[in-house]
Amino acid sequence: QVQLVESGGGLVQAGGSLRLSCAASGRTFSSYAMGWFRRAPGKGREFVAAISRTGGSTDYADSVKERFSISRDNAKNTVYLQMNRLRPEDTAVYYCAATAGASVYRWPNEYDYWGQGTQVTVSS
C-alpha cells in the first residue's frame, strides 16, 4: 500500500504561482511512477502531468505545458507540481496518484493509489 497526501493548494490571483507537494508513505517511493490530475467543478478528472520512477521522463497536458512543471525527490518520497502563470480555468481539486508501472501514464485507470486532493482556486 502507498499513502499519498497532497499539500500546497490555496487561493491565488491569475498570473500567480503555487507549488503542490505530494508526500508518499508505505512501500518504496522510487518504485512508483507518479501523476497529477485535477477535477474542476462539474467536470471529470483531467490529466495534468506525469513523471517516471526515476524522474527521467515527464508528460504534460497541452493546457498546462510551458506553465507547469512536475518533479520528484525520491530521497524525500515527494512529488511536486510547480504551477506558474495560473489562470482561472486552472481552478480545481488537484490529486496525485501512484502506479507501479515503468513509464509515464495519462489515464486515471492506470493508477493504483490516490491522494485526497488539495483545492486550488485562481481568481481573475
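As the structure is a prediction and not an experimental result, all values here were calculated from the model. All residue numbers in this chain count up from 1 along the given sequence.
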Can you find a pair of side-chain heavy atoms, one from [X] and one from [Y], that are under 4.5 Å apart?
X: Met83; Y: Tyr94; value: yes
X: Val120; Y: Leu20; value: yes
X: Tyr111; Y: Tyr105; value: yes
X: Glu66; Y: Arg85; value: yes
X: Lys65; Y: Arg67; value: no
X: Gln119; Y: Thr91; value: yes
X: Asp73; Y: Tyr80; value: yes
X: Leu4; Y: Met34; value: yes

Legend entry - Between SG on residue Cys22 and CZ on residue Arg72, distance to nearest 0.5 Å: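 Cys22 atom SG to Arg72 atom CZ measures 10.0 Å (nearest 0.5 Å).
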Inset, instruction - Quick one: pull up SG in Cys96 and CZ in Arg38 and give me the separation to the nearest 0.5 Å. - result: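 Going from the SG atom of Cys96 to the CZ atom of Arg38 covers 15.5 Å.
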Inset, instruction - Answer yes if the side chains of Ser123 and Gln13 hold a donor-acceptor pair under 3.5 Å, and no otherwise. - result: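 Side chains of Ser123 and Gln13: no pair found under 3.5 Å.
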Taking [Y] as the starting point, is it possible to reach [X] by hopping between hydrophobic residues whose side chains are less than 4.5 Å apart?
X: Ile70; Y: Val104; value: no
X: Leu18; Y: Val93; value: no
X: Tyr60; Y: Ile51; value: yes

Work out which heavy atom in [X] is nearest to a heavy atom in [Y]; give both atom names and the distance.
X: Ser124; Y: Pro88; value: CB-CG, 3.8 Å
X: Gln82; Y: Asn84; value: NE2-OD1, 2.9 Å
X: Ser21; Y: Thr78; value: CB-CG2, 4.2 Å

Under the 3.5 angstrom rule, does the side chain of [X] hit a backbone N or O of [Y] as a donor-acceptor pair?
X: Arg106; Y: Gly35; value: no
X: Thr54; Y: Gly56; value: yes
X: Glu6; Y: Gln116; value: yes
X: Thr118; Y: Gly9; value: yes

Legend entry - Arg87/Asp90 salt bridge by N-O under 4.0 Å criterion: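 Salt bridge absent between Asp90 and Arg87.
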Inset, instruction - Is it possible for you to check whether Arg45 lies under 6.0 Å from the centre of the six-membered ring of Trp114, through NZ or CZ, and within 45° of that ring's axis? - result: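 Judged by the rule, Arg45 and Trp114 form a cation-pi pair.
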Inset, instruction - Starting from the C-alpha separation in whole Å, work towards a yes-or-no answer on ring-ring contact (aromatic ring centres under 6.0 Å, His included) for Tyr95 and Phe37. - result: CA-CA 5 Å; Tyr95 301 88; Phe37 292 79; 8.7 Å; no
Inset, instruction - Show your reasoning for whether side chain to side chain contact (heavy atoms under 4.5 Å, CB included) applies to Phe29 and Arg53. - result: CA-CA 8 Å; Phe29 178 68; Arg53 292 184 294 195; over 6 Å; no
Inset, instruction - Could you point out which residue of Val2, Asn77, Thr99 forms a side-chain contact (heavy atoms from CB on, under 4.5 Å) with Tyr32? - result: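 It is Val2; the other options fail the test.
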Legend entry - Ring centers of Trp36, Phe68 separated by less than 6.0 Å: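 Ring centres of Phe68 and Trp36 not closer than 6.0 Å.
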